[in-house]
Number of protein chains: 2
Amino acid sequence: MLDILYRCGQATAAEIHAGMQDPPSYSAVRALLRVLEEKGHIRHREKNLRYVYLPVVPREKASRSAVAHLLDTFFDGSAEQAVATLLDVSGSKLSDEDFERLSALIEKARKEGR
Amino acid sequence: MLDILYRCGQATAAEIHAGMQDPPSYSAVRALLRVLEEKGHIRHREKNLRYVYLPVVPREKASRSAVAHLLDTFFDGSAEQAVATLLDVSGSKLSDEDFERLSALIEKARKEGR
DNA sequence: GCATCGGTGCTAAATTTTTAGCAAGGTGCT
DNA sequence: AGCACCTTGCTAAAAATTTAGCACCGATGC
């Protein structure tokens, strides 16, 4: 559910329920949203009578945590291994300009890194 | 729990319990391991009378799924954005040789990509 | 105005998960 | 052998989650 919120930015209970791949009942989704809000993971705004939920931790910050976690879980903390499978996964979807930009990113990081 | 298994390769119930950051009871961990095994996510080997659990999906494959999911959830599918925060997270831990190797990886992928 | 359509808040029951604790059985030590 | 010690298998109760369904409220349309 949090993944859906991070993908969409914000969503109603119905949207979240629809977006799940193996969804429990709509009731369960509503109940869980209440729990997540209670625990401070999400909050809601009332937008013309509907609740629109959004994550409390901003996407940028959450993404950093997620990347760090992934690095730790699957790649022994190695950025190289991570980039290798990232390139593998992105596979043929990358254009020449994409490769340019990736190189530029690394070059930039190398210079700024010290 | 699966994260721990992927980090360690394999682990006993006690090790998994110890490795969790906000662990439920040992009983709950054992019960959940049974459920995960029932559902086919993990299996166990008996190593001198102890159950050693391991993931069914190999680390390599799981890591690819995880990267794809992360890309989708936080980076709109953009490898560049992902690499940018990856570099940001790895930050100053990267040596000059690391940068070399990263460049080489990208160069290699560019050539092989077509 | 009035009926209808959604969505929320709530309740209560069914189901699942979590918990503690016990017996059984193997290991290692004395 | 006898005795801790540890792990599994099991049970049963407690706690949490999941579920369906209802009343209420505002908006929409006739």
Side-chain angles (χ1 to χ4, degrees), chain A residues 1-59 61-63 65-66 68-70 72-74, chain B residues 1-59 61-63 65-66 68-70 72-74:
Chain A
M1 282 171 46
L2 276 169
D3 284 351
I4 292 176
L5 288 182
Y6 278 115
R7 239 195 325 270
C8 305
Q10 58 175 41
T12 65
E15 287 166 351
I16 291 170
H17 183 246
M20 296 173 75
Q21 69 279 61
D22 193 7
S25 70
Y26 179 57
S27 276
V29 171
R30 289 203 294 153
L32 188 47
L33 283 169
R34 271 196 295 273
V35 172
L36 286 178
E37 183 156 33
E38 231 168 70
K39 292 194 178 175
H41 298 297
I42 62 177
R43 61 202 169 85
H44 75 268
R45 278 205 274 256
E46 209 159 332
K47 196 153 193 169
N48 50 319
L49 281 191
R50 295 213 182 91
Y51 281 12
V52 179
Y53 290 90
L54 42 140
V56 162
V57 175
R59 181 167 139 135
K61 195 170 180 176
S63 74
S65 301
H69 189 80
L70 204 71
D72 188 41
T73 301
F74 289 108
Chain B
M1 283 170 46
L2 276 169
D3 284 350
I4 292 175
L5 287 182
Y6 279 116
R7 241 198 321 271
C8 305
Q10 59 175 43
T12 66
E15 287 166 351
I16 291 171
H17 184 246
M20 296 172 76
Q21 69 281 61
D22 192 7
S25 70
Y26 179 59
S27 275
V29 171
R30 288 202 293 153
L32 188 46
L33 283 169
R34 270 197 297 271
V35 171
L36 287 177
E37 183 156 34
E38 230 168 71
K39 293 194 178 176
H41 297 297
I42 62 177
R43 61 203 169 85
H44 76 267
R45 278 206 273 256
E46 209 158 332
K47 196 152 194 170
N48 50 319
L49 279 193
R50 298 214 179 90
Y51 282 13
V52 178
Y53 290 90
L54 39 137
V56 163
V57 176
R59 181 167 139 134
K61 195 169 181 177
S63 73
S65 300
H69 189 80
L70 204 71
D72 188 41
T73 301
F74 287 110

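This one's a predicted model, so the numbers in the text were calculated from it and none came from an experiment. Residue numbers start from 1 in every chain, and the chains themselves are labelled A, B, ... in the order their sequence lines are given, proteins ahead of strands.
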Worksheet item: Would you say A:R59's side chain and B:F74's backbone share a donor-acceptor pair under 3.5 angstrom?
Response: yes
Worksheet item: If you round to the nearest 0.5 Å, how far is OH of A:Y53 from CZ of A:R45?
Response: 13.5 Å
Item to complete: For A:E37 and C:dT8, give me the distance from atom CD to atom C1', rounded to whole Å.
Response: 13 Å
Worksheet item: Hey, does the side chain of A:Y26 come within less than 4.0 Å of C:dT8's phosphate (OP1/OP2), counting only N and O?
Response: yes
Worksheet item: Do A:R30 and C:dG6 have a side chain to base donor-acceptor pair shorter than 3.5 Å?
Response: no
Item to complete: Check the distance between C:dC10's P and A:R34's CZ and give it to me in whole angstrom.
Response: 8 Å
Worksheet item: Is there a side-chain polar atom (N or O) of B:S25 under 4.0 Å from OP1 or OP2 of C:dT19?
Response: yes
Worksheet item: Under the 3.5 Å rule, do the base of C:dG6 and the side chain of A:R50 count as making a donor-acceptor pair?
Response: no
Fill in: Atom pair distance, as rounded to whole Å: CD in A:E15 and C1' in C:dG6
14 Å
Worksheet item: Does B:I42 reach the side chain of B:E37, with side-chain heavy atoms less than 4.5 Å apart?
Response: yes
Response to the item:
note: A:E46, atom CD; D:dG26, atom C1'; distance rounded to Å ~ 11 Å
Practice prompt. Measure the shortest side-chain to side-chain distance between A:T73 and B:R7 over non-hydrogen atoms and say whether it is less than 4.5 angstrom.
Written response: yes
